[in-house]
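In what follows, chains are A, B, ... by sequence order, proteins preceding strands, each numbered from 1.
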Protein chains: 2
Amino acid sequence: MLWFSLSRQSTKTLVQQIEEELRQKIFSGNLIEHQKLPSSRELASSLGVSRNTVNEAYEQLLLEGYIYQVPRSGTYVSQGLAFRKGLGSVPKLQEYKEELQQCQNVIDFKASHPSTEHFPRHTWGNLFKQVCMESEDRLFGYQSAKGAFALRKEIATYLERMRGVRADPRQIVITTGATQALSLLTRLLNKKGDLVCVEDPVTDEMRQIFSYADASIYPVQADQHGMRPELLPQTEKPRFVFTIPSHQFPLGVIMPVKRRIQLVEYARTNGTYIVEDDYDSEFIYEGTPVQSMQALDPDRVIYVGTFSKILVPSIRIGYMVLPFHLVEASENVKWFTDRHSSTLEQLTLAKFIEKGLFEKHIRRMKKVYAKRRKVLVAAIEEAFGEDRIIGQAAGMHLVVRFHERIDKDKLKENGVKAAFVEDFAIEKGLHQNELVLGYGGLDEDEIIEGVARLKRASEERS
Amino acid sequence: MLWFSLSRQSTKTLVQQIEEELRQKIFSGNLIEHQKLPSSRELASSLGVSRNTVNEAYEQLLLEGYIYQVPRSGTYVSQGLAFRKGLGSVPKLQEYKEELQQCQNVIDFKASHPSTEHFPRHTWGNLFKQVCMESEDRLFGYQSAKGAFALRKEIATYLERMRGVRADPRQIVITTGATQALSLLTRLLNKKGDLVCVEDPVTDEMRQIFSYADASIYPVQADQHGMRPELLPQTEKPRFVFTIPSHQFPLGVIMPVKRRIQLVEYARTNGTYIVEDDYDSEFIYEGTPVQSMQALDPDRVIYVGTFSKILVPSIRIGYMVLPFHLVEASENVKWFTDRHSSTLEQLTLAKFIEKGLFEKHIRRMKKVYAKRRKVLVAAIEEAFGEDRIIGQAAGMHLVVRFHERIDKDKLKENGVKAAFVEDFAIEKGLHQNELVLGYGGLDEDEIIEGVARLKRASEERS
């Protein structure tokens with residue numbers, strides 16, 4: 001007679017427990033093919049459960065093909081169910097602890113991380129709820145790959161007014177952050193191994209996005225005016241040139257309009273595209289934001305934006321503004337990649353912009369970041385002297401060129417973290433002792449303490 | 001003297017208007033390189049604005065590189081700014097109308113579209129708001145590519161209990177719907193042109209997901225027990241075999257355990273993977289859900305699930321359960337594709353599952369769909385006779401094999417829409433006059449009326 005233990009304390013029903021035991025015995029060869037199983041009455045009585053319980057388990061195993069029944073004879077184990085080898089190995093893991101949190105004691109000048117504590121949670125939560133309650137049923141189903149029309153409309157209006165982008169809502173595709181826009185564009189425009197030009201220096205992350213989408217990277221050196229157009233390849237033609245003209249990352253410089261025109265001329269001559277990443281140009285602390293490059297030639301320049309920096313990264317909403325002739329192909333790539341991005345948050349964002357809350361938030365954050373930047377600049381000048389800061393007064397990071405030699409280990413020992421521009425450079429040797437200091441995610445006390453640690457790290461070395 | 005009109009009614013500031021006019025005149029060649037601009041005093045007086053306004057515009061254009069200043073001389077237009085050709089063409093689009101809504105009069109038996117009107121909007125909105133208010137600041141920043149741990153933990157527990165999936169939260173990667181899981185897996189496992197085996201029939205959509213991720217499709221015929229393992233390729237090795245063993249789409253059949261074992265044996269012998277799509281197996285109306293195939297060999301079977309069918313598609317949350325040796329590579333593909341999916345909705349879903357609301361919703365929807373199915377089956381039997389329905393009583397669709405010849409144009413004329421299995425078949429001729437009828441998104445009256453229209457369409461033909 002079959003024997004196994006059932007538990008009434010288990011989260012599983014008795015039926016499920018019986019099924020599992022029988023499956024296990026069949027796989028392991030304890031029950032062999034064509035072996036007759038006990039009748040439901042017998043098994044029920046031996047397990048101390050009702051006959052219905054056993055019948056239910058048998059029915060399920062029948063449906064799944066583990067057993068077969070012969071009328072007026074009984075229930076049998078099906079053929080061919082024991083694995084030749086054992087079951088695959090499954091590591092048994094008891095602890096469900098997540099990856100370690102970053103050490104709280106380190107001051108991390110990480111770039112492109114906005115301040116999360118100023119995010120208007122209350123408003124956002126309320127708007128989301130409102131969207132959830134008020135939206136038509138159909139908005140809960142599948143949507144256009146391009147994303148919610150309401151949001152595309154708000155973005156078009158905003159971009160036209162604030163960034164000089166020439167955009168019609170139908171040219172906009174909503175993406176999961178700017179990262180997805182860049183990944184989709186690479187897959188759309190490139191065949192495997194085709195060239196993509198990137199500014200040098202550029203983050204490793206950015207290069208990886210293009211590499212993962214099968215592009216080959218062609219670095220083009222950037223100086224104090226951004227990418228140098230005369231260094232663009234003349235024989236091999238890139239499928240697109242990636243640039244951050246409003247606030248190069250990491251250098252923080254603005255590309256002057258002359259170079260922009262040279263880039264556009266290059267794209268026209270070579271039948272290629274410019275991909276303009278405009279990730280934090282709203283935050284400019286001297287003058288007003290530089291106009292987008294897309295306005296120079298909306299047929300050649302693809303504009304990519306994101307809400308990760310202005311709002312918070314967790315929202316994961318970005319977008320691209322495409323020439324009309326690329327819209328349909330982009331929709332297809334998006335659809336067969338993940339159909340579309342989450343609708344309710346898109347509608348929440350649309351409402352947020354429509355009500356003027358978005359621009360209000362920008363104004364507020366601009367003040368916060370301007371203050372942080374001011375504190376950082378003052379602390380650096382006091383500690384290291386003047387004229388060390390490269391790039392425009394914009395965004396959430398700056399670059400400091402030290403006269404002192406800065407040593408990675410010393411930074412670590414002093415509890416401060418910052419990226420070296422040299423590490424972002426493909427062509428080495430041009431950015432020695434330049435550090436990228438992000439101040440978006442640090443408050444004023446942390447900034448002052450962070451610079452003090454930088455100072456100590458630099459002195460220990462010298 | 002320069003002349004242009006400014007409007008105090010514009011949404012743009014006077015400074016912005018001056019900047020734009022000057023930019024335009026420079027691009028168009030109205031102002032040529034090295035031409036001297038009027039002094040700020042002159043321009044201000046001719047435009048009737050304050051001198052500060054003009055100065056601000058000049059400063060911005062200086063920053064952007066449109067103009068340059070010579071001390072004690074004046075302001076000049078920079079060199080090299082006029083395009084050789086004209087500006088790119090921009091279609092001027094006045095109407096912002098979205099793509100046409102589907103005609104309201106057509107009854108569309110579309111499959112895999114759940115009922116959106118039963119989605120618990122109120123609860124969802126409230127939970128989201130709660131998450132928004134209660135979450136730590138850091139959860140608004142960038143997260144692990146795998147997704148929110150809280151959600152992965154809930155999914156692991158749920159899958160283990162309900163689907164027999166052997167899952168540890170660390171093996172789970174949250175994706176933007178099952179579509180993204182399949183797209184990422186293809187890109188992870190395949191090199192360009194590598195084979196992916198799919199069940200035939202299969203939707204064109206599914207094939208496109210693999211094709212867009214650069215795979216070549218190898219169809220394997222499915223019969224009333226699902227994919228036929230003996231037809232799997234023996235010389236060329238696929239990188240993975242895609243199957244929906246719990247409820248094949250479109251046929252709706254369950255793969256018996258014997259075939260499942262054959263598939264796993266094939267994967268083991270050939271060093272390939274099985275990708276198990278389990279998109280609607282929660283809704284089974286006879287017996288309890290069939291156990292997942294992943295449990296047979298968690299090292300060879302990758303389990304893909306989604307919340308689009310159980311909840312609603314607009315939420316865009318899916319996941320994959322990976323063998324441990326594929327987790328890190330999957331994280332990387334996800335990170336460089338779109339970093340991670342939106343956090344707040346993930347946390348909302350985690351709470352929804354944790355509170356037992358998810359299983360409650362499944363129970364509720366199971367009743368709704370069972371009723372709809374019953375109405376549909378009865379209507380079909382009454383109109384067309386018995387034994388026309390193929391596949392298990394599960395999910396949100398069924399397949400009807402008509403004796404009558406069904407004509408596409410007649411369906412259209414009669415205001416009813418349904419997919420032909422034959423259209424999903426790669427090998428043609430095996431599924432004549434079989435229609436896929438989705439009932440998830442139709443209420444009972446619509447179902448009855450829809451079948452009446454099918455009946456009329458079939459009679460008009462004969």
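Between the side chain of A:E64 and the backbone N or O of B:Q291 there is at least one donor-acceptor pair closer than 3.5 Å. The closest donor-acceptor contact from the side chain of B:R187 to the backbone of A:Y212 lies under 3.5 Å. Side-chain atoms of A:R121 come within 3.5 Å of backbone N or O of B:S135 as a donor-acceptor pair. In this structure a side-chain-to-backbone donor-acceptor pair under 3.5 Å is present from A:R316 to B:D338.
Between atom CG of residue B:N332 and atom CD of residue A:Q208 there is a gap of 7.5 Å, rounded to the nearest 0.5 Å. Within the model, atoms CD of B:Q346 and OG of A:S314 stand 10.0 Å from one another, a figure rounded to the nearest 0.5 Å. Between A:R207 atom CZ and B:F336 atom CZ the span is 11.0 Å, to the nearest 0.5 Å. Atoms NZ and NZ, on A:K192 and B:K192 in that order, are 8.5 Å from each other to the nearest 0.5 Å. If you take OG1 on B:T348 and CG on A:L344, they are separated by 10.0 Å, rounding to the nearest 0.5 Å. Once rounded to the nearest 0.5 Å, the distance linking CZ of A:F140 with NE2 of B:H118 reads 14.0 Å.
With chain A as partner, the option from B:P323, B:C132, B:G65 having the largest number of non-hydrogen pairs under 4.5 angstrom is B:C132. Ranked by non-hydrogen atom pairs under 4.5 Å with chain B, the options A:M133, A:H113, A:M162 are led by A:M133. Taking B:P245, B:P313, B:S115, B:G125 one by one and counting their heavy-atom pairs under 4.5 Å with chain A, the maximum is reached by B:P313. Contact tally against chain A (heavy-atom pairs below 4.5 Å) for B:T343, B:D137, B:V312: the top residue is B:D137.
For chain B, no part of A:T123 is nearby; none of its heavy atoms comes within less than 4.5 Å. With a 4.5 angstrom heavy-atom cutoff, A:E160 touches chain B via backbone and side-chain atoms both. Both the backbone and the side chain of A:K258 come within contact range of chain B, each with at least one heavy atom under 4.5 Å from a heavy atom of that chain. Heavy atoms of B:S78 lying under 4.5 Å from chain A are absent altogether. Contact annotation for A:Q143: neither backbone nor side-chain heavy atoms come within less than 4.5 Å of a heavy atom of chain B. Residue contact with chain B, scored on non-hydrogen atoms closer than 4.5 Å, involves the backbone of A:L139 exclusively. For a residue to count as touching a neighbouring chain, one of its non-hydrogen atoms must lie under 4.5 Å from one of that chain's; by this rule B:S341 touches chain A with the backbone only. Heavy atoms closer than 4.5 Å to chain B are found in both the backbone and the side chain of A:T176. Contact annotation for A:R23: only side-chain heavy atoms (C-beta onward) come within less than 4.5 Å of a heavy atom of chain B. Both the backbone and the side chain of A:H122 come within contact range of chain B, each with at least one heavy atom under 4.5 Å from a heavy atom of that chain. A:H225 does not touch chain B: none of its heavy atoms, backbone or side chain, sits under 4.5 Å away. With a 4.5 angstrom heavy-atom cutoff, A:V333 touches chain B via backbone and side-chain atoms both. Residue A:I209 touches chain B through both its backbone and its side chain, counting heavy-atom pairs closer than 4.5 Å. Contacts between B:S112 and chain A at a heavy-atom distance below 4.5 Å involve the backbone alone (N, CA, C, O).
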Report task. Check the pair B:E345 / A:S342 against side-chain contact (heavy atoms from CB on, under 4.5 Å), numbers first and verdict last. Result -> CA-CA 9 Å; B:E345 285 197 302; A:S342 168; 2.3 Å; yes
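Using a 4.5 Å cut-off on side-chain heavy atoms (C-beta onward), B:L63 and A:I254 make contact. Annotation: side chain of A:Y142 is in contact with side chain of B:S308 (closest heavy-atom distance under 4.5 Å).
Between the side chains of A:E205 and B:W335, at least one donor N or O lies within less than 3.5 Å of an accepting N or O.
Shown here for B:G141 and A:T116, the closest heavy-atom pair between the two residues is N-CG2, 3.7 Å.
The aromatic rings of B:F128 and A:F128 sit parallel, their planes meeting at an angle under 30°, below the 60° perpendicular limit.
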